[in-house]
Amino acid sequence: MATTSFRLRNCEFKNRVFAASGTYGYGDEIVDLADPSRLGAIVTKSLSLKPRAGNPPVRIVETTGGVLNSIGLANIGVHSFLEEKLPHLRSMNTAVIANIAAGTVDEYCEVLRILDDQEGIDGFEINVSCPNVREGGLSFGTDRAAIADITRRLRPMTKRPLIIKLTPNVSHIAEFARAVEAEGADAVSVMNTLIGMAVDVNTRKPILSTITGGLSGPAIKPIAIAKVYETARAVKIPVIGLGGIVNTTDALEFLIAGASAVQVGTVNFVDPSAGIKIADGINRYCDEHGIDDVARLVGSLDAGTGISVVDSWL
Ligand code: SIN
């Protein structure tokens, strides 16, 4: 069987398939449905300093091949997470990546400081890319200087892996990846959701309470792969790819295009064991193709005589 493990700084993940933030809760809702210990990591729902109720309904709508959400970073807050969720999450025998969201740079720092004191957190994913909030979110994620500043402030606060989750809602995502790499980020997650909108034609009103939301699911997969390809050509740090992965072939596409690991998100709402099936499927593919380490797949794209337009942006 191929080697599946993946290292980021001082953290060894058993495989390269993670559950994406916001699609696996805090792990506890899943245990009767799937075995999280078979995933490389669980990324928690975004945690803020204080609990957040999130946006009013309607905040989720299905679209063709996708889901539009405007959750608004609803979460129980970092203190309740530590008391009520982390003990159980720690017992799941998989790595735990705490996703952090905040409205100010100081809040990012405070939440990370509180979490970094704890056993059982293996790394941090910094959400600078939620399209559904007025403070934080995209106001940081579309500003290169702002995300560089957040990374610069957070980097010395932890020895654990620091992953910055980038938005695709910019012209050239690679520039943002370079900005956080220069400030010491260990990896980037590419990508968060694309801004989208749905209209009820009978009422002529937007369906979501916030009018626009973030689109995820298979509809965005080709865009996400292109963003991963662009980013992986621009930085030396690992790119963690996500966006519409539902099966093994999808995950392989991301790895071959340059992702060092993948996150499985929206499909968890349909099949919470999808990530496990994908991890098994990657192993099978490696066996069938005589590949001894999943790492050999990463960036193994044979572009042939293809002319890379992306390269002209880098
Ligand atoms: C949300 O809570 O609105 C979604 C989270 C995100 O897109 O980062």
Side-chain angles (χ1 to χ4, degrees), residues 18-26 29 42-63 66-78 80-81 85 97-104 107-108 111-112 123-143 146-147 150 162-170 173 176 180 187-198 206-221 223-224 227 240-245 263-269:
F18 303 171
S21 177
T23 66
Y24 232 62
Y26 306 102
E29 297 144 21
I42 295 175
V43 186
T44 69
K45 175 65 184 161
S46 295
L47 295 163
S48 49
L49 190 55
K50 302 251 166 63
R52 289 178 61 102
N55 293 330
V58 172
R59 57 188 197 179
I60 201 147
V61 55
E62 241 181 284
T63 59
V67 172
L68 262 178
N69 90 80
S70 180
I71 304 301
L73 299 173
N75 77 98
I76 60 175
V78 67
S80 299
F81 168 76
K85 303 293 182 182
I97 298 176
N99 180 299
I100 301 177
T104 65
E107 187 186 346
Y108 279 113
V111 178
L112 186 132
F124 300 101
E125 181 179 71
I126 309 303
N127 184 353
V128 286
S129 44
C130 174
N132 305 325
V133 289
R134 289 211 172 126
E135 284 172 3
L138 284 192
S139 64
F140 287 134
T142 56
D143 178 341
I147 60 168
I150 291 166
L162 186 64
I163 305 161
I164 312 296
K165 186 169 184 177
L166 299 177
T167 178
N169 299 297
V170 293
I173 197 168
F176 291 75
V180 301
V188 283
S189 294
V190 174
M191 55 183 216
N192 206 325
T193 54
L194 283 152
I195 296 172
M197 182 169 162
I207 296 179
L208 293 173
S209 67
T210 51
I211 303 173
T212 58
L215 183 65
S216 63
I220 71 169
K221 190 191 76 172
I223 302 169
K227 298 286 181 192
I240 301 172
L242 73 158
I245 295 174
Q263 294 183 11
V264 173
T266 304
V267 71
N268 288 319
F269 298 121

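Read the numbers this way: they start at 1 and go in the same order the structure lists the ligands and their atoms. Worth saying up front: this structure is predicted, and the values here are computed from it rather than measured. We're numbering straight along the sequence, starting at 1.
At least one heavy atom of Gly72 sits less than 4.0 Å from an atom of ligand 1. Heavy-atom distances between Lys165 and ligand 1 stay at or above 4.0 Å for every pair. Residue contact annotation: Pro131 has a non-hydrogen atom under 4.0 Å from ligand 1.
Under 4.0 angstrom from ligand 1, the non-hydrogen atoms of Lys45 all belong to its side chain. Using a 4.0 Å cut-off between heavy atoms, Val133 makes no contact with ligand 1 at all.
Each of Asn127, Val128, Leu166, Asn169 was evaluated against Asn192; a single residue qualifies, Asn127, per the side-chain contact (heavy atoms from CB on, under 4.5 Å) test.
Counting only heavy atoms from C-beta outward, the side chains of Thr193 and Pro131 approach each other to under 4.5 Å. Val43 places none of its side-chain heavy atoms less than 4.5 Å from the side chain of Tyr24. Between Phe124 and Leu47, every side-chain heavy-atom pair lies at or beyond the 4.5 Å cut-off.
In terms of polar-atom proximity, Ser46 is not counted as a contact of ligand 1, lacking any N or O under 3.5 Å from an N or O of the ligand.
Annotation: the span from Ile245 atom CD1 to Ile220 atom CD1 amounts to 9.5 Å, rounded to 0.5 Å.
Distances below 4.0 Å separate heavy atoms of Asn69 from the following atoms of ligand 1: 1 (C), 3 (O), 4 (C). Atoms of ligand 1 lying under 4.0 Å from at least one heavy atom of Asn192, given by number and element, are 6 (C), 7 (O), 8 (O). For ligand 1, the atoms sitting less than 4.0 Å from at least one non-hydrogen atom of Asn127 are 6 (C), 8 (O), numbered in the order shown with element in parentheses. Residue Asn132 approaches ligand 1 through these ligand atoms, each under 4.0 Å from one of its heavy atoms: 1 (C), 3 (O), 4 (C).
For Val133, the side chain to side chain contact (heavy atoms under 4.5 Å, CB included) partners two or more places apart in sequence, or in a different chain, are Arg52, Leu73, Cys130. Applying the salt bridge (charged side-chain N to carboxylate O under 4.0 Å, His left out) rule to Lys85 yields the partners Asp28; only residues at least two apart in sequence or on another chain are considered.
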